[in-house]
Amino acid sequence: MEMAVESDIFRSHVADADDDGTLHVTAQDFSIFYGSNEAVREVTLGIPAGQVTAIIGPSGCGKSTFLRAINRMNDLIPGCRAAGKLCFDGEHIYGSQVDVVALRRRVGMVFQKPNPFPKSVFDNVAYGPRIHGLRSRGKLAQVVERSLVRAALWEEVKDRLAQNALGLSGGQQQRLCIARALAVDPEILLMDEPTSALDPRSTGRIEDLIGELRGTYTIIIVTHNMQQAARVSDYTAFLYEGELIEFGRTKQIFTNPQEKRTEDYITGRFG
Amino acid sequence: MQLGTRKLLDRAFSGLGICSILLLAAALLIILAPMAGRGWRAFLFRGTVEYRRMMLERFQRGDREAIEAEEAQAAKARQGAFDILAAYEKEVAALGFLERRTRQDDLEKVRDCMRDLLGPLPGEERPVLPRDQYGQTRWDRAKAKLDRLLLVETYDYSDPTKMGVKVMVPRVDRFKGTALEPLFTTVPEHLEAMMLPRVEFYWRFLFDVSHDAHFFGGVWPEMLGTIYLTVGAMLFAVPMGVVAAIYLVEFAHEGRVVSILRTFISTLAGVPSIVFGLFGLAFFINTLGVSGSKSVLAGSLTLALLVLPTVIRAAEEAIRAVPQTYKEAALSLGASRWRTVVTVMLPAALPGILTGIVISMGRAAGETAPIIFTAAVSVGKPLGLGETLSQPTPALPWNIYNLCSEHAEVNEIRHVQYGMVLTLVLLVLFLNAAAIILRARISKKLRG
Amino acid sequence: MSQAELSLTDPLGRPRQSLLLSKRATRAKQVASLAGRSVLFLITSSSVLAVLFIFYYIAQDALPFFRLRGAGEFFTSSEWYPSAEPASFGSLSMFFGSGIVTLGASLVAVPLGVAAAVCLSDVLPFGVRQLAKPVIEMLAAIPSVAYGFFALVVFAPLLQERGGAMLEVAAYVIGGPLAFLAAVVLADLTSSRAPEKARWAGRIVAFLLFGGAMAFGLVALGGMLRGLPIDSGTNALNASIILGIMALPTVVSVSEDALQAAGRDLREGSYALGATRAETILRVVIPASASGICAAVILGVMRAVGETMVVWMASGNAAQIPSPWYDLTAPVRTLTATIAGDMGEADHVTGSARYHVLFAMALSLLAISFVLNLASEGATRRARRKLGH
């Protein structure tokens with residue numbers, strides 16, 4: 001029954017229905033309020049596992065808000081509350097007995113502006129595993145190396161692990177943040193406009209990295225750059241003023257959108 | 001108003017502002033200059049043979065043989081003066097009763113001056129007070145005492161319309177024609193040979209104990225007391241202050257309760273320092289009984305209360321200044337709120353917190369009023385660490401006051417007063433400068 | 001969705017871990033979090049406790065005095081003879097002493113401090129400002145006993161020997177430029193009524209007239225000051241000047257913050273209308289930051305009222321109200337100096353009125369500083385509201 005509901009959600013937004021992938025995150029009539037202002041309006045969608053899903057839309061349309069709801073970073077904002085259902089791997093995210101710490105371990109996040117800690121490269125990547133209990137120096141070194149390799153940064157920093165992370169370039173810092181997020185072995189990686197503060201070359205590298213990471217991780221990326229969404233993602237959701245207008249395979253959204261508003265946005269008539 | 005006048009007024013206005021800044025700078029210079037200009041004389045001065053003798057006897061410092069040789073040399077130079085005194089004594093003894101009385105008074109005054117200058121006269125037994133056991137140890141004081149010998153203070157009442165005017169007349173006029181007359185030429189002539197002044201660098205001024213109420217020696221007990229009090233105050237104030245700052249920034253909901261807390265913290269900051277002292281006496285000593293009477297512990301607790309608001313404010317500012325992104329990154333990795341504060345926010349706020357701590361240390365070191373009733377005594381030995389819990393201590397601020405106002409011989413120990421003030425001011429300014437440098441250093445490290 | 005229906009592996013094939021905590025674990029977490037916050041709250045409220053305790057214990061030791069002697073004598077009589085038989089504890093002269101010294105200090109600190117703050121915020125270029133700031137910080141860092149030392153050992157003899165001459169010079173230095181400017185302004189204002197052709201001539205004549213009058217007045221003032229008899233260098237004037245210098249850094253830094261908070265937009269609006277810098281500052285910026293400057297002044301006053309060492313060493317310590325009351329060259333005694341000075345003798349007889357009267361003075365000081373603190377907080381709040389925060 002659960003699968004049927006999810007397929008329904010899928011089917012209502014997708015042209016061809018031959019997907020049978022499982023859904024990692026599902027939202028059903030999910031809303032987010034800042035005080036009395038409804039920033040996300042009754043969104044219903046399903047994020048497929050192991051794929052890259054992009055969320056696009058004009059600024060202020062609620063895409064970052066929706067993204068930050070998945071790892072409950074919105075809890076930091078006073079007056080922010082959620083309504084409806086948002087499930088991660090079948091469990092309610094906003095349930096009363098949810099362990100937020102466990103959630104955030106399984107759902108990692110990369111921010112718009114690279115924000116490495118003012119510590120060494122090693123300590124940055126090791127921060128996550130350390131707080132989750134890993135103490136052995138040897139195991140930590142292994143985890144750090146593995147994460148930096150996965151983030152395509154190892155070759156560049158392997159000789160300067162003890163140096164301050166703030167000395168890296170912008171692109172390197174962002175890859176470091178990705179490595180840091182990967183170090184706790186999450187299942188989902190949320191990326192909030194990860195390349196908007198970077199130069200084109202670093203942007204390209206990170207987009208390549210996203211391609212390498214898919215399959216191992218489910219990636220949800222919020223971007224205002226449509227070309228990036230088209231390059232990088234398998235599925236795309238278009239949000240406008242808090243509402244989900246359309247959701248489907250990226251190729252289909254960009255070549256043959258079902259909704260007029262989607263078409264207007266993609267062709268640049270507004271936004 | 002015409003444009004020309006408006007412009008003139010504008011210039012004048014700017015000039016006024018600049019003048020006030022210049023006045024401030026001038027005030028700072030005027031206040032610091034005497035301390036610097038005269039304070040160094042406690043460390044670097046021309047010391048006489050009496051000084052070296054005193055150092056040998058009181059502090060066991062110096063080459064015994066060399067000093068004894070010098071003393072012999074000085075004694076030879078002084079012999080002439082002593083001979084004149086002896087001759088005059090004989091002369092006076094031969095006088096009639098009335099004249100002898102007045103002459104003996106005058107002679108005793110001269111002998112007092114000589115004792116002040118050279119120490120106990122030959123044949124006299126050793127005085128009790130250390131300050132009388134030696135002549136002048138400093139060449140500048142010796143010259144001042146010489147003036148006292150050569151000149152007498154009297155009042156000139158010749159003008160009936162005015163108040164009596166103080167005049168200095170040469171003492172030798174009283175002794176014209178007597179056997180004492182040559183004294184007033186021979187002493188100035190041979191003073192250098194009698195005193196053998198030499199440049200002395202008394203850096204140990206900071207580390208020596210004092211003898212006979214600061215007549216001799218240094219200010220180590222005061223330095224140590226100040227260090228104990230300052231460190232003790234910070235030991236209490238820093239944990240409480242940093243924790244309070246963490247609470248106010250991270251865990252408190254902005255609202256009624258927090259604003260009441262803040263009002264109280266600023267009220268605490270406004271309490272006069274003498275009231276802190278009274279409170280320390282009434283509460284820590286009389287009520288809680290942390291110690292029987294004055295002690296370093298009670299003083300530290302009182303000083304801690306004094307600097308607590310400053311520490312809280314500095315720590316709060318520093319923690320608030322940490323970019324929110326660090327907090328978000330840590331939380332998104334699954335750190336709990338407390339963990340985030342301890343492992344990310346506090347380390348990043350460290351420069352600001354440290355600066356606040358060091359500046360508060362400067363404040364605690366310089367405060368006098370809180371320790372008058374709770375910890376400070378005028379004379380005392382340097383305390384051992386264990387004694388700090390129950391014993392009072394001398395401290396630089398209190399002893400500066402004491403030496404200027406309540407000391408018996410305020411004018412004799414001017415150099416010690418200036419030396420103490422210079423030490424205290426340098427200590428405080430050094431702490432402030434260290435805070436600023438520390439902040440710049442660590443900031444650079446955090447900024448990569 | 002029930003948990004039984006979830007498979008053992010998550011969509012990526014990894015072993016599944018539940019997000020949910022057991023009821024007990026959740027409760028435990030809530031309790032721990034609450035406990036932690038309570039501990040933090042308690043530690044933070046230690047400052048509240050401290051203030052309450054201070055009030056309580058000072059009041060506790062002050063009340064016996066009022067019970068023994070009542071309040072009337074304390075506040076209204078200036079007969080302070082605590083060791084006489086019978087003793088009298090009239091402290092009016094001490095209240096007066098504190099007041100006159102604070103007033104004098106404000107006269108020094110407020111004009112100088114606000115002028116310096118204006119200069120720092122609006123006149124000086126950035127580089128010079130960075131040089132000026134350490135001067136202010138050093139003035140603030142010097143311990144009060146060092147100021148007291150200076151006042152007693154250096155300044156007092158100077159005042160005694162050359163006080164009159166110094167005051168005369170000060171009068172010329174301050175009054176001269178002010179008189180000059182006033183003459184220019186007055187000349188300008190009066191001559192603007194004259195017809196166009198005669199305006200320049202009128203200006204010069206008016207300037208000479210006003211300038212001459214002011215110069216004459218200034219010289220007379222100078223002469224009077226020079227002849228001022230100063231019997232003792234430790235008096236209200238000495239303490240006022242030094243206290244003013246001590247309060248300056250507070251006034252300067254808080255005023256500067258207030259002036260900065262007014263913002264660039266405000267200033268740019270005024271400049272765009274053609275106002276000079278002086279006019280912008282005087283007519284726009286200062287009025288906008290008035291509450292903040294008020295707070296700065298109150299804080300400076302608090303500093304002066306609460307200071308002990310300088311007044312103990314340099315105010316002369318005579319428990320009397322000088323006649324006339326504005327005679328600053330007379331010695332006075334403040335509340336703080338009395339507490340510091342008299343405790344040595346009073347301590348021997350704990351329980352006597354002599355001991356408790358000092359606590360009564362402390363209580364008065366506490367009350368005064370509490371009221372001043374509330375006033376400054378109110379001013380700060382008003383300042384913030386005015387600027388729209």
Side-chain angles (χ1 to χ4, degrees), chain B residues 1-2 5-10 12-14 16-18 20-21 23-25 27-28 31 34 240 243-244 246-248 251 261 263-268 270-275 278-279 282-283 287 305 308-309 338 362 366 368-369 372-373 397 400-401 404-405 417 421 424-425 428-429 432, chain C residues 36-37 40-41 43-48 50-51 53-54 57-58 61 112 115-116 118-119 123 132 135-139 141-146 148-150 152-154 181 184-185 188 245 248 276-279 302 305-306 308-309 313 336 339-340 343 359 362 365-366 369-370 372-373 377:
Chain B
M1 224 189 282
Q2 298 207 26
T5 316
R6 284 172 65 201
K7 282 199 177 151
L8 175 69
L9 285 178
D10 186 43
F13 187 74
S14 308
L16 206 84
I18 296 179
S20 56
I21 300 269
L23 258 170
L24 279 176
L28 182 68
I31 290 178
M240 289 214 315
V243 167
I246 293 175
Y247 176 75
L248 284 172
F251 292 96
L261 274 177
T263 310
F264 272 99
I265 293 177
S266 81
T267 308
L268 191 64
V271 173
S273 49
I274 190 79
V275 176
L278 270 187
F279 173 71
F283 182 65
T287 307
L305 276 183
L308 188 63
W338 181 245
T368 325
I372 301 179
F373 310 130
I400 292 173
Y401 165 78
C404 300
S405 319
Q417 297 166 7
V421 176
L424 181 64
V425 170
V428 171
L429 288 183
N432 275 276
Chain C
R37 286 189 58 210
L40 288 182
F41 177 75
I43 296 183
T44 310
S45 33
S46 59
S47 338
V48 174
V51 173
F53 273 25
I54 290 177
Y57 280 93
I58 301 285
D61 268 332
L112 258 181
V118 164
C119 188
V123 175
V135 169
I136 314 268
E137 282 171 19
M138 273 205 270
L139 276 175
I142 295 179
S144 56
V145 71
F149 176 81
F150 175 80
L152 177 63
V153 173
V154 178
L181 284 175
V184 168
V185 172
D188 189 286
I245 300 179
L248 264 169
T276 63
R277 181 159 55 192
E279 287 162 356
M302 273 175 76
V305 161
T308 309
M309 296 316 291
M313 291 163 95
T336 47
I339 297 175
M343 184 54 100
F359 280 86
L365 276 171
L366 255 185
S369 61
F370 184 66
L372 284 175
N373 194 41
E377 291 227 316

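Below, read A as the first sequence line, B as the second, and so on, with proteins coming before strands; counting in each chain starts at 1.
Residue contact with chain C, scored on non-hydrogen atoms closer than 4.5 Å, involves the side chain of B:L23 exclusively. For C:A340, the parts lying near chain B are the backbone and the side chain together; criterion is any non-hydrogen pair under 4.5 Å. Heavy atoms closer than 4.5 Å to chain C are found in both the backbone and the side chain of B:P397. Heavy-atom distances place both the backbone and the side chain of C:L139 under 4.5 Å from chain B. Only the side chain of C:S46 comes within contact range of chain B, judged by heavy atoms closer than 4.5 Å. With a 4.5 Å cut-off on non-hydrogen atoms, B:L24 touches chain C through its backbone and its side chain both. Within the 4.5 angstrom heavy-atom criterion, atoms from both the backbone and the side chain of B:D10 approach chain C. Residue contact with chain C, scored on non-hydrogen atoms closer than 4.5 Å, involves the side chain of B:L305 exclusively. For chain C, the nearby part of B:T287 is the side chain; its heavy atoms alone come within less than 4.5 Å. For chain C, the nearby part of B:L308 is the side chain; its heavy atoms alone come within less than 4.5 Å. Contacts of B:V428 with chain C are made by side-chain atoms alone, with heavy-atom separations under 4.5 Å and no backbone atom involved. For B:L429, the part lying near chain C is the side chain, with the backbone staying farther off; criterion is any non-hydrogen pair under 4.5 Å.
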request  = Could you walk me through whether B:L248 and B:I265 pass the side-chain contact (heavy atoms from CB on, under 4.5 Å) test, one step at a time?
outcome  = CA-CA 11 Å; B:L248 284 172; B:I265 293 177; 4.0 Å; yes
Inset, instruction - Go through the steps for C:M309 and B:Y401 under the test side-chain contact (heavy atoms from CB on, under 4.5 Å), then give the verdict. - result: CA-CA 8 Å; C:M309 296 316 291; B:Y401 165 78; 3.7 Å; yes
Exercise for the section: Could you walk me through whether B:L261 and C:F41 pass side-chain contact (heavy atoms from CB on, under 4.5 Å), step by step? Expected result: CA-CA 10 Å; B:L261 274 177; C:F41 177 75; 4.1 Å; yes
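Interface summary for chain B: among C:M138, C:R37, C:M302, the most heavy-atom pairs under 4.5 angstrom belong to C:R37. Across C:L372, C:I339, C:L181, the residue that shares the most heavy-atom pairs under 4.5 angstrom with chain B is C:I339. With chain B as the partner, the residue from C:I136, C:L112, C:V145, C:I43 showing the most heavy-atom pairs under 4.5 Å is C:V145.
Residues B:L424 and C:F149 fail the side-chain proximity criterion, which asks for heavy atoms closer than 4.5 Å. Using a 4.5 Å heavy-atom cutoff, the side chains of C:E377 and B:T267 are not in contact. Inter-residue side-chain proximity for B:L268 and C:I54 is flagged as met; some heavy-atom pair is nearer than 4.5 Å.
Scanning for ring-ring contact (aromatic ring centres under 6.0 Å, His included) contacts around B:F283 gives B:F279, C:F53, C:Y57, with sequence neighbours left out.
When all heavy atoms of B:A244 and C:T44 are compared, the closest pair comes out as CA-OG1, 3.4 Å. Contact record, B:P272 with C:S369: CD-OG, 3.6 Å, taken as the closest heavy-atom pair.
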